Amino acid sequence: MPSGVHPAASMVILSDRNSRVRRSYSEFDVAQAQNNNWIDAWLETQQGWLGRWQSIAVEQRVDGMRVAMETLRKYLNPADLSPEAINVAQSFQVLLQSCMANAGELGLFNTDAASGATNPLRQMLDMFPVGPARSQQLVWQRYLKAQGAYQLQLATLLQAYGQVVAASLQAVPEQVQARAAQGQPITRMRELYDLWIECGEQAFAIQARNPAFTAMQAACVNALSQLKLAQQALLEGWLQANDLPTRSELNSVHLRLRALTARVAELEQRLAEVNAANARPAAKSSATRKRDQS
Amino acid sequence: MPGPLRNRAQRASVISHEAQRMNDFKLDPEWLRLDVAQLQQRATELLGNLASIRSVEIGTAPKDAVYCEDKLTLYRYRAVNAASPRGPAVLICYAMINRPYMMDLQPDRSLIRRLLEHGVDVFLIDWGTPGGADRFLDLNDYVNRYLLHCVDAVCKLRGETQVNLVGVCQGGALSLCFTSLHPQRVRNLITMVTPVDFHTADDMLSQWVRQLDVKALVAAHGNVPGDWLNVGFATLMPFRLLSQKYMTLLDTVGDRDKLENFLRMEKWIFDSPDQPGAAFEEFVTLLYQQNRLIKDELQIGGRMVKLDTIKQPILNVYATEDHLVPPAASRCLQQYVSSKDYAELAVNGGHIGLYVSGKAQVIVPDTIAQWLRERDH
C-alpha cells in the first residue's frame, strides 16, 4: 500500500502500488471512456497553458518556476498518471470520506482544541476564505459552525433535563416508602402521579439552582441566538442579491423615522413654548389697556 | 449509579428490596382498574367539553378608550354607579409582559370591578402589541413619553395635576422610575408584586438571565417573542406548569364554570405580546443583570433614577409565595425610598394568585381603596 493512503481508500481505478493501473482507454468501458474524454481534453488544455508558462519561465530564467511547471505537466499527463497524482487524488478522497464520517459526531464542534484541530470538517470551517466568493464562504462557515454549536448545547441541556426526570423517578419509590411508614400509603394512581410531580419539582429545583445548569441553559439560548443571526446573514445575502427589502434596510428606515419623530416633538415643544411666551405679553398688554380704560 | 450486578446473591437481594418497596404501593388492583376507567371516561368527557366551548370572555368590565398613542390605549372604566361622583382615581401601569386584563379576568375575579365598587375611578394602560416597527422603543419611550402622556391625559380628564399611580410587576418598576423622574406628577404610589432588588438569593429567574447574551438575543429576534417568554416562565416549574396543570383539567369535568375559569387563565397566560427589543434589552441588562435600580445607577432619557427621591406615600403589595418576584425582592423597597408613609400588604399566594384567588379578590382592592381614601386629598 502506498504510504499516506488510508486503508479504507477504495477508488475504483486504483489498486496498490505494485500493480499500478495505467490508465488507457481500452481498460474502461465505453461510457467511462466517453466521460473521461472531457477530463482528458481539459488536462490537455492545462498542459498547453503550462507549456506556455514553462516557455516564459525558461525565457526569463526562472528556474524554480520552470521545474514546478515541468513537474505539474508530468503529473497531469493523461496518458501516464503518475503515482504522485494518484496519491493526491486518493488523499482528497480520504479527506472527503473523513469529513462525511465525522459530520454526524457531536465531537465535531468540541471546544477541545486538540480534537478540533484534527477534525477535518472543523478545519474546513476554520479555513481562511479565499477567492471571489470568500464573503459567501464566510457566511456559510459561520452558519454551519453556529448550527453545530447549537446542537451540541441543546443536546447537553436535554441531557441535564433527562437527569432531572431520572432523579424524579428514583425519588418516587423512596417517597412511597416514607408515606407507607407514616401510615399514609399511596392507594390511588392520582396520588402516585401527584407524588411524582412533587419529586420532579424538587429534583428540578436542585438542578435549576446549580450554577452549571444555569450556565448550560444560558449557553444554549446564546447559541440559538448566534444560529439565528447566522441564518439572518444568509437570508440577507440572498435578499440583497435579488434586490428585495432586508431587515437591515427596514431597521435603518425605522431609526430615521424615530429620529425624525423625536425632532418633530422637540420642535413642537419649542413652538408651544414660544407661543406661550408670546401670549403672555399680549395678555399683559390687554390687561393693562383694560385697567387704563377703567 | 451502581455497577452491574454479577453476583446472583446480589441480584436476588436487589430484587427482594425492590419487591419490598413495591409492596409499599398499596395499590389495589380493583382500585387501579377503576382509576384507569375513570381517567378514560373523564378524558373523553373533557374533550367533548373543550370542543363545545368556542370562546371565553375576559376583561368584561365596561370601559372606554380615552387616550391613544402608537400602539398604546388608555382605558377609563365606567363607574358602577354613574350617578355617584367619582372617587379617587388610580392609573394602573401594568407590565409589558402579558395582558392587563388579568386584573379583570371575570366578573367574580376582578380586582378592577372591586375597586369600581368602592368608587375608585380606574384608568388602565394597555401597552398594545408591539410590531416590527416598535423594536427600537426603549425605557425612555415607556417612562418619559407613554406613561407621562397617560398621566397628562388622566389629569386633564380629572382636572388634577397629580395621579395615584399603581404599578404592577414590571409596571411597578416603571412606576418607580417615573415617580423618581417626575415626582410632582404622583400623589400616591402603589406597587404590586414589583421587583426592586433583582439579585436576591431566591430569585431563580434573575439567576437564569444573568449570563444571557441579551444583545445577541434582541439582534436575532428584533422584538423578543412572547411565546419565548412563555416557555421560559413555564420552565421555572416544568412539572407543575407543563404537566400537572393539565391533569387538573380532569377535575373540571361536570363543572362548566370551573372549566371556563381554567380556560380564561389559560388564554391569558399564553397571550403574551412580543417585547420591544430595545426596552427588553435595557430592562434585562440594566435591571436584571446589573441591578442598577437599587444602586442609583439607572439612567433613563439621560436622567438618573434615584429611589431615595421618592417621598410619596407608598403601599407595597406582595405575594408570600411568589416564585417570579420573591417577597425579598419586593419588600426591600422600604429601605431605598425616603417615604415617611410606607405600608406593606402581604397576600398569601403566588404571583398570579394575587389577582385571582378568592381571598385576594377582597383583601387587595379593599385595602387599596381604604388606603387611598385616607391619602387622596
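Numbers restart at 1 for each chain; the letters A, B, ... are given by sequence-line order, proteins then strands. From a predicted model like this one, the values you see are computed outputs, not experimental measurements.
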Practice problem: Answer yes when A:Lys145 and A:Asp126 have at least one side-chain N-carboxylate O distance shorter than 4.0 Å, and no when they do not. | Solution: yes
Quiz item: With a 4.5 angstrom heavy-atom cut-off, which part of B:Asn140 approaches chain A: side chain, backbone, both or neither?
Solution: neither
Self-check item: Per-residue contact mode, B:Met237 against chain A (heavy atom under 4.5 angstrom)
Solution: both
Quiz prompt | salt bridge (Lys or Arg N to Asp or Glu O under 4.0 Å) between B:Arg42 and B:Glu45, intermediate numbers included | solution = CA-CA 5 Å; B:Arg42 283 189 172 185; B:Glu45 208 172 319; over 6 Å; no
Quiz item: With respect to chain B, which residue among A:Val221, A:Leu224, A:Asn251 yields the maximal number of heavy-atom pairs within a distance under 4.5 Å?
Solution: A:Asn251
Quiz item: Between A:Leu250, A:Leu229, A:Leu257, A:Val253, which has the largest tally of heavy atom pairs under 4.5 Å with chain B?
Solution: A:Leu229
Quiz prompt | B:Trp127 and B:Tyr146 aromatic ring geometry - parallel, tilted or perpendicular at 30°/60° bounds | solution = tilted
Self-check item: Which portion of A:Glu201 sits near chain B, non-hydrogen atoms under 4.5 angstrom
Solution: both
Exercise. Name the region of B:Leu250, side chain, backbone, both or neither, that has any atom closer than 4.5 Å to a heavy atom of chain A.
Key: neither
Quiz item: Given the options B:Met247, B:Met204, B:Gln207, which has more heavy-atom pairs under 4.5 Å with chain A than any of the others?
Solution: B:Met247
Practice problem: Start with the C-alpha gap between A:Glu273 and A:Gln269, add the side-chain angles, then the distance that decides, and say whether side-chain hydrogen bond (donor to acceptor under 3.5 Å, both in side chains) holds. | Solution: CA-CA 6 Å; A:Glu273 287 167 5; A:Gln269 171 77 14; 3.0 Å; yes
Practice problem: Could you tell me which of B:Arg145, B:Arg210, B:Arg240 has the largest number of non-hydrogen atom pairs under 4.5 Å with chain A? | Solution: B:Arg240
Quiz item: Using 30° and 60° as the class limits, which term best fits the ring planes of B:Trp228 and B:His221: parallel, tilted or perpendicular?
Solution: tilted
Practice problem: Please flag which part of B:Asp134 lies under 4.5 Å from any non-hydrogen atom of chain A: side chain, backbone, both or neither. | Solution: neither
Practice problem: Give the member of A:Glu191, A:Gln232, A:Arg179 that has the highest number of heavy-atom pairs under 4.5 Å with chain B. | Solution: A:Gln232
Exercise. Select, from A:Asn222, A:Val165, A:Val164, A:Asp194, the one with the greatest count of heavy-atom pairs under 4.5 Å involving chain B.
Key: A:Asn222
Exercise. Please test B:Gln275 against B:Val218 for side chain to side chain contact (heavy atoms under 4.5 Å, CB included), starting from the C-alpha separation and ending with a verdict.
Key: CA-CA 10 Å; B:Gln275 299 299 297; B:Val218 169; over 6 Å; no
Exercise. Tell me, for A:Gln226 versus chain B, whether the close heavy atoms (under 4.5 Å) come from the side chain, the backbone, both or neither.
Key: side chain
Quiz prompt | Parallel, tilted or perpendicular, as decided by the 30° and 60° cut-offs, for the rings of A:Tyr193 and A:Trp196 | solution = tilted
Quiz item: Yes or no on side-chain hydrogen bond (donor to acceptor under 3.5 Å, both in side chains) for B:Tyr67 and B:Asp152, after CA distance, side-chain angles and deciding distance?
Solution: CA-CA 10 Å; B:Tyr67 176 72; B:Asp152 289 341; over 6 Å; no
Exercise. Considering only heavy atoms and a distance below 4.5 Å, find which of A:Pro211, A:Ala218, A:Ala181 pairs most often with chain B.
Key: A:Ala218
Practice problem: Report the option among B:Ser243, B:Pro238, B:Ala219, B:Ala216 that has the most heavy-atom pairs separated by less than 4.5 Å from atoms of chain A. | Solution: B:Pro238
Practice problem: Could you grab the distance from atom CD of B:Gln40 to atom OG1 of B:Thr44, nearest 0.5 Å is fine? | Solution: 7.0 Å
